[in-house]
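Hydrogens, waters and symmetry mates play no part in the numbers below; they use all other heavy atoms, side chains included. Throughout, a chain's letter reflects where its sequence line sits, starting with A, and its residues are numbered from 1.
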Amino acid sequence: MITATAKLRMYRQMLLIRRLEERVAEMYGEQAIGGFTHLYIGQEAVATGAISALNHDDYVIGTYRDHGHFLAREGDPKKFMAELFGRETGICHGKGGSMHLADMENYFFGGTGIVGGSMPIAAGLGLACSYREDDRIVMSFFGDGATNQGVWHEALNFAKIWNLPVIFVCENNFYGIGTDVRLSSSLTEVYKKASGYGMPGYRVNGMDVLEVRKLCDDVVKHVRAGSGPALIEARCYRYQGHSMTDPGRYRARAEEDLWRKRDPIPRLARTLLEEGIASEERLQELDAEIEEICDAAVEFAQESPMPSPSALYDHVFSERYPSDPHA
Amino acid sequence: MITATAKLRMYRQMLLIRRLEERVAEMYGEQAIGGFTHLYIGQEAVATGAISALNHDDYVIGTYRDHGHFLAREGDPKKFMAELFGRETGICHGKGGSMHLADMENYFFGGTGIVGGSMPIAAGLGLACSYREDDRIVMSFFGDGATNQGVWHEALNFAKIWNLPVIFVCENNFYGIGTDVRLSSSLTEVYKKASGYGMPGYRVNGMDVLEVRKLCDDVVKHVRAGSGPALIEARCYRYQGHSMTDPGRYRARAEEDLWRKRDPIPRLARTLLEEGIASEERLQELDAEIEEICDAAVEFAQESPMPSPSALYDHVFSERYPSDPHA
Amino acid sequence: MREIRYYEALIEAMAEEMRLDDDVFLMGEDIGLFGGTFRATEGLMAEFGSRRVRDTPIAEAGIVGLAMGAALAGLRPVPELMTMNFAIVAMDQIINHVAKMHYMFGGQFQVPLTIRAPGGGGTQKGAQHSHSIESWFVNAPGIRVVIPSTPYDAKGLLKTSIRCNDPVLFIEHEMLYSSVGPVPEGEYLIPLGEADVKRPGSDVTIVAWSKMVLEALRAAEILAGEGIEAEVLDPRTLDPLDWNAIMTSVARTRRCVVAEEGWRNVGVGAEIAARLQEQLFHELDAPVLRVGAANVPLPYSKDLEQAALPHAEDIVQAVLKITT
Amino acid sequence: MREIRYYEALIEAMAEEMRLDDDVFLMGEDIGLFGGTFRATEGLMAEFGSRRVRDTPIAEAGIVGLAMGAALAGLRPVPELMTMNFAIVAMDQIINHVAKMHYMFGGQFQVPLTIRAPGGGGTQKGAQHSHSIESWFVNAPGIRVVIPSTPYDAKGLLKTSIRCNDPVLFIEHEMLYSSVGPVPEGEYLIPLGEADVKRPGSDVTIVAWSKMVLEALRAAEILAGEGIEAEVLDPRTLDPLDWNAIMTSVARTRRCVVAEEGWRNVGVGAEIAARLQEQLFHELDAPVLRVGAANVPLPYSKDLEQAALPHAEDIVQAVLKITT
Ligand SMILES: Cc1ncc(C[n+]2csc(CCOP(=O)(O)OP(=O)(O)O)c2C)c(N)n1
Ligand SMILES: Cc1ncc(C[n+]2csc(CCOP(=O)(O)OP(=O)(O)O)c2C)c(N)n1
Ligand SMILES: [Mg+2]
Ligand SMILES: [Mg+2]
């Protein structure tokens with residue numbers, strides 16, 4: 001049973017991701033943000049629903065498309081925007097940028113740019129949980145394209161043979177950059193790949209945050225109880241291009257329109273109204289609140305200093321030696 | 001239907017592999033052979049039965065445990081032994097050794113030492129077949145341990161999405177060096193891993209050459225007809241240690257004895273006698289013939305010259321440039 | 001002569017070779033329908049279809065391995081890896097397989113394979129997308145390393161690489177794709193192992209490749225203002241490497257700076273400096289200096305990234321150190 | 001002092017650290033029940049059980065990646081890779097992840113990880129098992145490179161590596177495992193970045209590491225016969241590298257030969273030679289020469305393999321070239 005407060009919180013969360021990313025797009029246009037920037041717009045229900053089923057000290061790891069997960073993990077919008085601006089006050093002091101957000105305080109391990117690369121690391125986080133017998137679990141987010149990468153296979157096999165508490169969440173948005181999943185994957189129903197590892201596989205509508213949450217509440221319970229790893233396929237759609245530079249000619253207009261009708265945010269808004277959880281006014285207030293948060297984030301980023309040149313050699317190692325460069 | 005001649009040929013083939021490898025063990029003991037040497041003794045039925053179902057110009061690729069496949073591919077026993085002796089007359093002129101036998105004339109692509117490394121190469125050979133629309137097919141041999149390696153996953157996915165004519169033959173001898181397949185693999189019934197790729201998977205008794213041949217005749221027919229890749233699990237057992245240096249303490253005596261009772265060579269001998277395909281005398285003649293071949297092979301190797309020092313820089317590239325070392 | 005972009009030169013090279021030889025085909029992530037992340041295969045699927053321009057899953061080891069297998073069977077695959085950092089994912093296939101098969105099988109099989117991939121930073125792509133690691137592939141024998149700096153070199157060398165019967169790692173640069181330069185109409189080839197003097201000079205030799213050639217030329221301009229005539233020598237291929245040209249030039253100028261975008265520490269520049277002092281110990285008027293990337297993963301923040309990367313100014317400083 | 005084998009020193013180091021700290025655990029192929037291909041984990045599963053000595057599937061990228069994840073969560077994994085050639089299979093995890101995470105996340109997470117793997121040839125294992133590729137890891141920043149030559153150094157440096165809060169690549173050598181040397185009872189640590197003079201000398205400095213230290217010492221014996229006193233300097237760690245010790249020694253001897261088992265071309269020796277001529281241009285009496293592996297994949301045949309590998313005799317030749 002998902003409480004009214006929980007629903008309202010999820011709505012706010014999705015809206016925050018959406019609005020903040022709209023600002024990111026705007027700022028990218030103004031060249032305040034550079035590099036590769038991958039928007040999550042359209043997929044907000046997945047990170048929001050899934051992560052809301054976790055405890056604060058569970059481990060989460062994702063990919064370069066990490067804005068939504070960082071924010072769903074309650075990452076600070078100011079440090080988020082400052083990072084994308086490459087400022088000293090960014091969550092990674094400007095070293096990571098959009099693709100490499102990470103947040104130690106919220107147990108978010110990033111933010112990795114190598115497709116599939118985070119998979120064995122996720123299993124390793126699970127290994128730590130099982131090694132210490134704490135009752136933490138791990139949630140690992142990745143795309144449909146990542147499931148064809150070798151380390152994906154290794155990670156699922158490891159997780160299963162060692163019975164690690166890891167939930168693998170595949171955000172199947174049907175494309176890896178411009179490549180249709182049907183061209184890249186021998187099983188296009190990704191959740192069925194779990195059968196290759198004797199692992200339970202589930203499919204959920206990734207455009208419905210409540211369904212995502214319901215399934216994850218269940219799976220989290222089992223995995224935390226020691227039932228071993230599980231694979232979830234959340235079918236969803238990214239509304240923008242793969243990255244800011246993608247014209248996105250490879251998708252049919254009709255397909256895009258169809259999925260836009262399934263926008264998870266208005267959908268939940270309708271539910272909130274129908275169930276009397278929130279009034280039109282309350283939702284408008286929320287809009288306003290979030291606008292303020294976005295303004296504040298952008299302002300904070302703009303006013304923050306660039307990293308000092310001396311920061312270049314910081315963090316290569318945590319322990320220095322005389323012969324290190326500029327030690 | 002497997003003809004009498006075919007059965008007799010397979011018997012001869014298995015016996016040749018067995019006897020030649022016994023010589024290899026002997027010569028290794030005398031330090032005429034060095035490096036890593038992995039014997040195939042016990043598994044002869046797999047390479048013999050499977051490869052006998054192929055055409056001469058089909059492509060075959062294997063692993064460091066490649067003696068049986070090289071010989072089943074009708075590789076020259078003399079060049080085989082000379083290679084293990086590191087002689088100029090070896091099939092790879094002494095550059096490859098036991099782990100890296102290859103035989104262009106018999107379309108045997110080796111002989112690779114990186115577990116799993118041959119998998120995408122096998123799929124690539126299949127790509128060449130399909131690209132050229134010749135009616136060749138590929139047979140790729142590997143062990144149970146290789147199925148947990150990332151490239152294994154990538155190769156099967158590629159083969160399926162591109163409908164490549166590749167038969168993946170897993171020789172499941174239940175151990176990767178000293179590691180029990182139950183400790184390393186989430187699915188210990190390896191053939192079931194095919195389901196993760198929407199590919200047919202078959203299991204066969206790898207200690208019975210006739211069963212192996214029967215299944216392969218079938219699968220080869222389908223794959224050649226364009227039905228796409230297939231996975232075969234041949235359950236078998238290696239009678240010796242993993243390599244010449246392996247004491248093999250990790251296997252139970254009882255288990256070893258059980259499998260020795262299933263020795264594919266006496267088994268086929270019984271069939272040949274029962275079916276009146278060969279008499280005791282004929283089999284003894286065969287023994288003698290093969291002894292001679294082994295003698296000749298060892299003698300040839302012993303009398304062959306070592307590679308000339310100048311050979312060191314040959315074959316780094318097939319085309320040389322002035323600035324190449326010792327060009 | 002007409003001027004075209006670096007990426008257009010690459011497209012021409014591939015198209016010409018594909019028209020000449022049906023054994024030549026392309027494979028890689030988003031090279032077909034999408035046209036290539038850096039447009040380097042734009043239009044090729046339209047002309048050659050999906051048999052010869054093959055979109056692949058995201059599986060670099062698989063891409064290289066499949067291309068390797070096809071090459072062993074006699075085809076001439078030209079796989080693209082989206083960046084050099086992703087080539088690291090395929091490192092085992094490239095080093096343990098592609099580069100060694102011909103040797104370890106005693107020359108029985110050839111591996112006529114050309115792996116294309118762009119290295120280089122400068123666009124804030126951070127620590128997992130931007131590195132220049134050509135030094136590893138020059139260290140390991142068995143694979144040619146081609147690394148052109150101009151559209152002209154890119155076309156001529158790519159055609160030669162595709163026709164080469166040995167594996168070639170063909171390294172492009174993200175910042176060079178849109179650079180423009182003269183490229184004659186019609187077919188021409190550039191042999192591997194022949195350095196090119198991008199600017200003649202008498203006072204110092206600057207050895208540079210890939211994007212650093214542009215930085216070296218800028219540096220030479222600045223130095224000319226100071227009355228120092230720098231010769232800019234572009235080896236164009238690092239394996240084979242035209243030692244003859246390097247030694248001859250430095251024997252004449254008696255001074256040398258090597259500029260590379262990769263980490264300077266244990267870079268290719270170290271080998272060049274080491275061999276120069278071995279062979280020209282008494283001819284050198286000053287130590288061979290090296291310019292390269294700072295010994296850090298590339299940071300995202302623009303200023304930090306620029307501080308980590310080598311520039312014309314660094315080359316100028318190095319030259320001034322040894323000429324004044 | 002008691003004498004033990006190199007592999008026994010490694011076992012002691014791991015056992016001591018595991019007794020002190022439950023966060024330390026081992027994982028790798030056949031390290032448990034089987035005792036390790038080179039016996040370097042023998043007996044540890046018996047003492048610590050399968051929770052802390054974990055046999056893994058054959059999946060090097062996975063092994064490193066899982067260890068990486070556990071390290072991010074604060075554990076101190078000590079994964080073993082069976083050879084350095086197999087480390088290439090895990091190259092992306094090591095270079096793009098292990099070595100970069102601390103930096104690209106702005107120092108938020110530490111990666112206290114020690115990857116053990118043996119390099120080296122000499123036992124006819126051929127082109128896919130025998131290479132020494134430390135130069136790549138020294139080129140790429142973010143991971144320490146430790147490469148001991150004696151049982152004493154192996155134990156002290158492994159303990160330090162395991163306690164280090166940064167990732168360490170701990171490179172062993174197949175031919176050193178059974179070598180014997182003095183190792184005191186009880187606990188001691190050796191700091192990273194401190195070279196060790198394995199033999200003092202005044203006429204020439206031989207910088208060598210791993211198995212090449214033994215070759216260098218043999219060479220020094222031979223040279224002593226010729227009246228040449230060679231100093232053998234073992235850096236013991238290549239990142240950090242004790243430049244101070246190298247510069248001081250060579251400033252005194254004015255001559256240097258670097259000996260490494262990896263391919264000489266673009267090896268670590270190139271960096272050492274390059275820096276020496278940069279910093280001691282006027283002090284050097286002769287060019288810095290380098291000894292290393294021939295520029296070929298390692299062949300199987302015994303004589304060819306030996307011809308490809310560097311030996312004491314090659315060091316002697318190089319020293320004679322610059323001293324007479
Ligand atoms: C190893 C590697 N190869 C290629 C890329 C380039 N790349 C970045 S994102 C991407 C597509 C990934 O698709 P998917 O896994 O479905 O995630 P999505 O972008 O759809 O969220 C590719 C190919 C990369 N970053 N890493
Ligand atoms: C990438 C890689 N990792 C580890 C090894 C060491 N090794 C050689 S054979 C082997 C076991 C392989 O087991 P399996 O695939 O079942 O084949 P089998 O030896 O049983 O025929 C291992 C771990 C290797 N050669 N390559
Ligand atoms: Mg996707
Ligand atoms: Mg096995």
**OP:** Could you walk me through whether Met101(D) and Thr112(A) pass the side-chain contact (heavy atoms from CB on, under 4.5 Å) test, one step at a time?
**Re:** CA-CA 9 Å; Met101(D) 285 273 180; Thr112(A) 56; 3.5 Å; yes
Neighbourhood of chain D inside [range], taking heavy atoms under 4.5 Å as contact:
| range | answer |
| --- | --- |
| residues 68-90 of chain A | none |
| residues 130-139 of chain A | Tyr131(A), Arg132(A) |
| residues 149-161 of chain A | Val151(A), Glu154(A), Asn157(A), Phe158(A), Ile161(A) |

Under a 4.5 Å heavy-atom cut-off, does chain A meet the side chain of [X], its backbone, both or neither?
| X | value |
| --- | --- |
| Asp239(D) | side chain |
| His102(D) | both |
| Gln93(D) | side chain |
| Leu72(D) | both |
| Ile143(D) | backbone |

**OP:** With a 4.5 Å cut-off on heavy-atom pairs, point out which of Ala71(D), Pro57(D), Pro191(D) contacts chain A the most.
**Re:** Pro57(D)
Original post:
Based on non-hydrogen pairs under 4.5 Å, which of Gln110(D), Arg144(D), His97(D), Met68(D) is most in contact with chain A?
Top reply: Arg144(D)
Original post:
What part of Leu101(A) gets closer than 4.5 Å to chain D, counting heavy atoms only: side chain, backbone, both or neither?
Top reply: backbone
Original post:
Can you say whether Tyr107(A) sits under 4.5 Å from chain D via the side chain, the backbone, both, or neither, judging by heavy atoms?
Top reply: neither
Original post:
Distance under 6.0 Å and angle within 45° of the ring axis: does Lys95(A) meet both against Phe105(D)?
Top reply: no
Subject >> Side chain to side chain, Cys92(A) and Gln108(D), heavy atoms closer than 4.5 Å >> reply: yes
Original post:
Looking at side-chain heavy atoms only, is the closest gap between Thr56(D) and Trp162(A) below 4.5 Å?
Top reply: yes
For the [atom1] atom of [X] and the [atom2] atom of [Y], what is their distance to the nearest 0.5 Å?
| X | Y | atom1 | atom2 | answer |
| --- | --- | --- | --- | --- |
| Cys164(D) | Tyr321(A) | SG | OH | 5.0 Å |
| Leu127(A) | Phe25(D) | CG | CZ | 4.5 Å |
| Asn244(D) | Ser323(A) | CG | OG | 9.0 Å |

Nearest heavy-atom neighbours spanning [X] and [Y]:
| X | Y | value |
| --- | --- | --- |
| Asp324(A) | Pro240(D) | OD1-CB, 4.1 Å |
| Phe108(A) | Phe109(D) | O-CZ, 3.6 Å |
| Ala128(A) | Ala70(D) | CB-CA, 4.2 Å |

**OP:** Just give me the residue among Met99(A), Met104(A), His93(A) that pairs up with chain D most often, heavy atom to heavy atom, under 4.5 Å.
**Re:** Met104(A)
Original post:
Between Cys129(A), Ala311(A), Ala102(A), which shows the greatest number of heavy-atom pairs under 4.5 Å with chain D?
Top reply: Ala102(A)
Original post:
Between Asp166(D) and Arg320(A), is the closest basic N to carboxylate O distance under 4.0 Å?
Top reply: no
Original post:
Any chance CD of Glu187(D) has more than 12 other-residue heavy atoms, nucleotides or ligands included, within less than 6.0 Å?
Top reply: yes
Subject >> side-chain contact (heavy atoms from CB on, under 4.5 Å) evaluation trace for Leu66(D) with Leu125(A) >> reply: CA-CA 7 Å; Leu66(D) 265 83; Leu125(A) 290 166; over 6 Å; no
Subject >> Distance-only polar pair, side chains of Ser318(A) and Asn165(D), donor-acceptor under 3.5 Å >> reply: no
Original post:
Taking only residues two or more places apart in sequence, or in another chain, which ones meet Glu271(D) in a side-chain contact (heavy atoms from CB on, under 4.5 Å)?
Top reply: Asn265(C), Val266(C), Ala270(C), Arg290(C), Trp243(D), Arg275(D)
